[in-house]
**Q** 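Take a look at this one; I'll ask things after.
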There are 2 protein chains.
Amino acid sequence: MSLESVPPKYAQLVQALQRRIESGTYPPGSLLPSEHQLIQEFSVSRPTVVAALRVLREQGWIESQQGKGRFVRGRPAMAAVEPNRPGQAYLTNPETSTPGELIEAGAVALPNRVAALLDAQPKSKAFLRRRVVIRDSEPTEQVSLWLPLELSEGTSLTSGEPLREGIREHLRSRKGVRFDHIVEQITARMPTAQEAKQLGMPKNVPLLAVFGAVRDASGRPLVVVEVLLPADRHELEDAYPVS
Amino acid sequence: MSLESVPPKYAQLVQALQRRIESGTYPPGSLLPSEHQLIQEFSVSRPTVVAALRVLREQGWIESQQGKGRFVRGRPAMAAVEPNRPGQAYLTNPETSTPGELIEAGAVALPNRVAALLDAQPKSKAFLRRRVVIRDSEPTEQVSLWLPLELSEGTSLTSGEPLREGIREHLRSRKGVRFDHIVEQITARMPTAQEAKQLGMPKNVPLLAVFGAVRDASGRPLVVVEVLLPADRHELEDAYPVS
DNA sequence: CGCTCAAACTTGGTAAAACAACCTGTCGGG
DNA sequence: CCCGACAGGTTGTTTTACCAAGTTTGAGCG
C-alpha cells in the first residue's frame with residue numbers, strides 16, 4: 001500500500017537544516033550556505049529553498065540580511081518554555097480526567113468584572129459552574145465558569161454531574177460556537193474566609209486570580225473562566241520576544 | 001527625486017484585501033474569491049496572490065481549506081489587545097523619561113529566585129539597581145534590576161544618576177550583548193513593611209511580583225527585572241489563541 | 001429516480017527564469 | 001594614499017508553467 005504521505009520537500013529541508021544547526025555543523029553566528037549552494041547540494045529548486053528558509057526565519061532559527069546572507073541564531077530558546085495557561089486545560093479536557101469536587105452549578109448574578117468581560121449588564125443573570133480541583137489528595141485550585149444563559153441551555157453543563165467531554169467540544173457540537181482566543185487578566189487579592197477553607201490555605205496568603213475571557217474570531221465573548229491559585233503553591237510562567 | 005519606495009505587490013494585495021474585509025465587502029464566513037479570480041482582477045501572477053493570502057492566513061484574517069477555498073474570519077480581534085509587559089518599558093526607555101526615585105544601586109547577595117533565573121550560585125554577588133516609579137505624584141511601582149558583576153563593569157548603571165539612555169541600548173553598545181526574549185514569572189505575596197511604606201500602600205493588600213529573565217538568542221540569562229505592583233492598583237492583561 | 005463516477009473546480013507544492021536591491025570586496029585613477 | 005567605479009556575490013520580488021490532492025457538481029447509466 002505505502003500510503004504514508006511523504007512530507008513536502010521544503011519541510012524536509014527545514015528539518016535537515018535544523019539538525020545541522022543543533023549538531024553544531026552550522027554554529028550560531030555563522031553564515032548559512034547561500035541559496036545557490038543549497039540548491040546544488042539538495043537538488044531542489046530555488047522556491048523550495050526559499051520556502052524552507054522562510055520557515056526557519058519565522059521560527060527564529062536564522063535571520064537574513066539582504067546582500068550579505070543568512071546568519072544562524074541557534075535553536076530558538078524561547079520555544080523551549082511552554083507557557084502554563086490556567087484555564088486552557090479546563091476548556092479542552094473533560095472534568096472526569098482531573099479529580100475534583102463540583103461546589104456550585106446554577107444561575108447567579110454576574111460580578112462586575114465578569115459582566116464586563118461578557119459584555120453583559122452588571123448583576124444580570126448567568127450560569128455559573130464552579131469546581132475545586134484536587135491534586136495529590138489536596139485541594140489546589142478553584143475553577144469557575146460563567147456562561148450566558150442562552151449558551152447554557154440545552155447543554156449538560158447545568159447538570160451536577162462531572163462532564164465526560166471537554167467544554168470546548170461540548171459547546172461546539174451542541175451550540176455551534178467556536179473558541180478562537182482568550183483575553184486574560186491577572187490580579188491578586190486576599191481570599192475570603194470561605195475560599196481559604198475550600199482551598200485549605202492560610203488566610204494570610206494571597207490568591208492569584210486569573211480571568212480568561214474566551215472569545216470567537218470576531219471578538220464576541222462566549223464564556224469566562226476564573227482560576228484561583230493560592231500564591232504560595234502556584235506561579236505563572238510565560239515567554240515573549242523583546243520588541 | 002521620488003525616492004519613496006513603493007511597497008511590493010503582494011503587500012499591496014494584502015492591504016487591499018484587508019480593506020475589503022473591514023468594509024464588509026467580504027463578510028466573515030464568506031468565501032474569498034479564488035486565486036484565479038484574484039489573478040485576473042489585480043493582474044498579478046499566482047505566486048504573488050498566494051504570498052498575499054499566506055500573510056493573511058498567518059495573521060488570522062482568513063483560513064484556507066484545500067479543495068474548497070479560503071474563508072473570511074474577519075479582522076483578527078486578538079491583535080487589538082496589546083499585552084502590557086511590565087519591565088519591557090524599563091529596558092528600552094531611559095530612566096529620565098519617567099519620574100521616579102532611585103533607592104538602591106550597589107552590589108548585593110542574590111536572592112534564591114533571582115540567582116536561579118541568572119544561572120548563578122545562590123548568595124553570590126551581583127549588582128542591584130532599584131527604583132520606585134512615580135505616576136501622578138504617587139509611587140506606583142518598584143522596579144529592580146539585577147546584573148552579573150561582569151556585565152555591570154564599565155557601564156553607567158553603577159552610578160546613582162538617572163540613566164539618560166535605555167538599558168537595552170546601554171548594554172548593547174558598551175558590552176555587546178543583545179536582548180532576545182524574556183521569560184516571565186508571576187507570583188503574588190504580601191509586601192514587607194518597608195515595601196508598603198515605599199509604595200504608599202496598605203499593609204493588607206498583596207503585591208503582584210513579576211520576574212523577567214532577559215536572555216539572548218541562545219538562552220543565556222543576561223539580566224533579571226523584578227516589578228512589584230500593588231494589586232489594588234494594577235493588573236496584567238494578555239491575549240493568546242486557544243490551541 | 002437514485003447511484004456512480006468523471007469532469008471541473010479549488011488550494012498545495014515544485015521547477016526554471018529573470019530582474020531588482022543591497023553588500024563587499026577589488027581595481028583604478030586622482 | 002585615498003576614494004570612487006565597478007564587478008560579483010547575496011537575498012527579495014515577480015512571472016510562467018506544471019503536477020498533486022481535496023471538494024463539488026452534474027452527466028450518465030442502471
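Chain A is the first sequence line, chain B the second, and so forth, proteins listed ahead of strands; every chain is numbered from 1. Being a predicted model, the structure only gives us computed values, none of them experimental.
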**Q** Tell me the interatomic distance from B/Phe71, atom CZ, to C/dT10, atom C1', rounded to whole angstroms.
**A**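 The distance from CZ of B/Phe71 to C1' of C/dT10 comes to 10 Å, rounded to the nearest Å.
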
**Q** Which residue is it: B/Val44, B/Val49, B/Val50? I am looking for the one with a side chain to side chain contact (heavy atoms under 4.5 Å, CB included) to B/Leu38.
**A**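 Output: one option passes, namely B/Val49.
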
**Q** Grab the CD-C1' distance between A/Gln66 and C/dC22 for me, whole Å please.
**A**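 After rounding, the gap between these two atoms is 5 Å.
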
**Q** Ignoring the backbone of B/Ser45, work out which of D/dT16, C/dT11, C/dA20 is nearest its side chain.
**A**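 The answer is D/dT16, which lies nearest to the side chain.
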
**Q** Which residue, A/Ile167, A/Leu171, A/Val214, A/Val224, forms the side chain to side chain contact (heavy atoms under 4.5 Å, CB included) with A/Leu147?
**A**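 Of A/Ile167, A/Leu171, A/Val214, A/Val224, side chain to side chain contact (heavy atoms under 4.5 Å, CB included) with A/Leu147 is met by A/Leu171 alone.
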
**Q** In whole angstrom, give the distance that lies between atom CG of A/Leu56 and atom C1' of D/dT11.
**A**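 Taking atom C1' of D/dT11 as the reference, CG of A/Leu56 is at 15 Å.
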
**Q** Would B/Arg131 and B/Thr98 count as having a side-chain donor-acceptor pair, cut-off 3.5 Å?
**A**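 Yes, because at least one side-chain N or O of B/Arg131 sits under 3.5 Å from a partner of the opposite role on B/Thr98.
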
**Q** Once you apply a heavy-atom cut-off of 4.0 Å, does A/Val44 come out as touching a base, just sugar-phosphate, or nothing?
**A**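 Since only primed, P, OP1 and OP2 atoms lie under 4.0 Å of A/Val44, the category is sugar-phosphate.
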
**Q** Between A/Tyr10 and C/dT14, does any side-chain N or O lie under 4.0 Å from OP1 or OP2?
**A**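 For C/dT14, OP1/OP2 do not have a side-chain N/O of A/Tyr10 under 4.0 Å.
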
**Q** Given atom CD of B/Gln12 and atom C1' of D/dG12, what is their separation to the nearest angstrom?
**A**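 Going from CD in B/Gln12 over to C1' in D/dG12 covers 15 Å.
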
**Q** Consider the side chain of B/Thr48, meaning its heavy atoms from C-beta on, and name the nucleotide among C/dA15, D/dT11, D/dT15 that approaches it most closely.
**A**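 So the nucleotide nearest the side chain must be D/dT15.
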
**Q** When all nucleic acid strands are considered with a 4.0 Å heavy-atom cut-off, which category describes B/Arg70: base, sugar-phosphate, or nothing?
**A**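 Sugar-phosphate contact only.
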
**Q** For B/Leu32 and C/dC9, what is the distance between atoms CG and C1' respectively, to the nearest whole Å?
**A**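 Rounding to the nearest Å, CG of B/Leu32 and C1' of C/dC9 are 16 Å apart.
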
**Q** Would you mind reading off the distance between B/Glu58 atom CD and C/dG12 atom P, rounded to a whole angstrom?
**A**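 Rounded to whole Å, this separation is 12 Å.
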
**Q** Are side-chain N/O atoms of B/Ser144 and B/Arg130 paired as donor and acceptor at under 3.5 Å?
**A**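 There is such a pair between these side chains.
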
**Q** Judged by each residue's nearest nucleotide on DNA chain C, which is more toward the 5′ side, A/Pro8 or B/Lys68?
**A**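 The residue mapped nearer the 5' terminus is B/Lys68.
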
**Q** Going by atom types alone, do A/Arg164 and A/Thr96 pair a side-chain donor with an acceptor below 3.5 Å?
**A**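 No.
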
**Q** If you assign B/Arg46 and B/His36 each to the DNA chain C nucleotide with the nearest heavy atom, which residue ends up on the more 5' nucleotide?
**A**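 The residue whose closest nucleotide sits nearer the 5' end is B/His36.
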
**Q** Quickly work out the A/Gln37 CD to D/dT11 C1' distance and round it to whole Å.
**A**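 Checked: the CD to C1' distance equals 14 Å.
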
**Q** How long is the line joining CZ of B/Phe42 and C1' of D/dT14, in whole Å?
**A**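 One finds 17 Å between C1' of D/dT14 and CZ of B/Phe42, rounded.
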
**Q** Considering just the side-chain nitrogens and oxygens of A/Ser64, establish if one lies under 4.0 Å of OP1 or OP2 belonging to D/dT10.
**A**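 No, outside the criterion.
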
**Q** Pick the closest DNA chain D nucleotide for A/Leu53 and for A/Pro47 by heavy atoms, then say which residue is nearer the 5' end.
**A**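 Counting from the 5' end, the first nearest nucleotide belongs to A/Leu53.
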
**Q** Students often get this wrong, so: under 4.0 angstrom with heavy atoms, is B/Arg54 touching a base, only sugar-phosphate, or nothing?
**A**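 If one applies the 4.0 Å heavy-atom cut-off, B/Arg54 turns out to touch nothing in the nucleic acid.
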
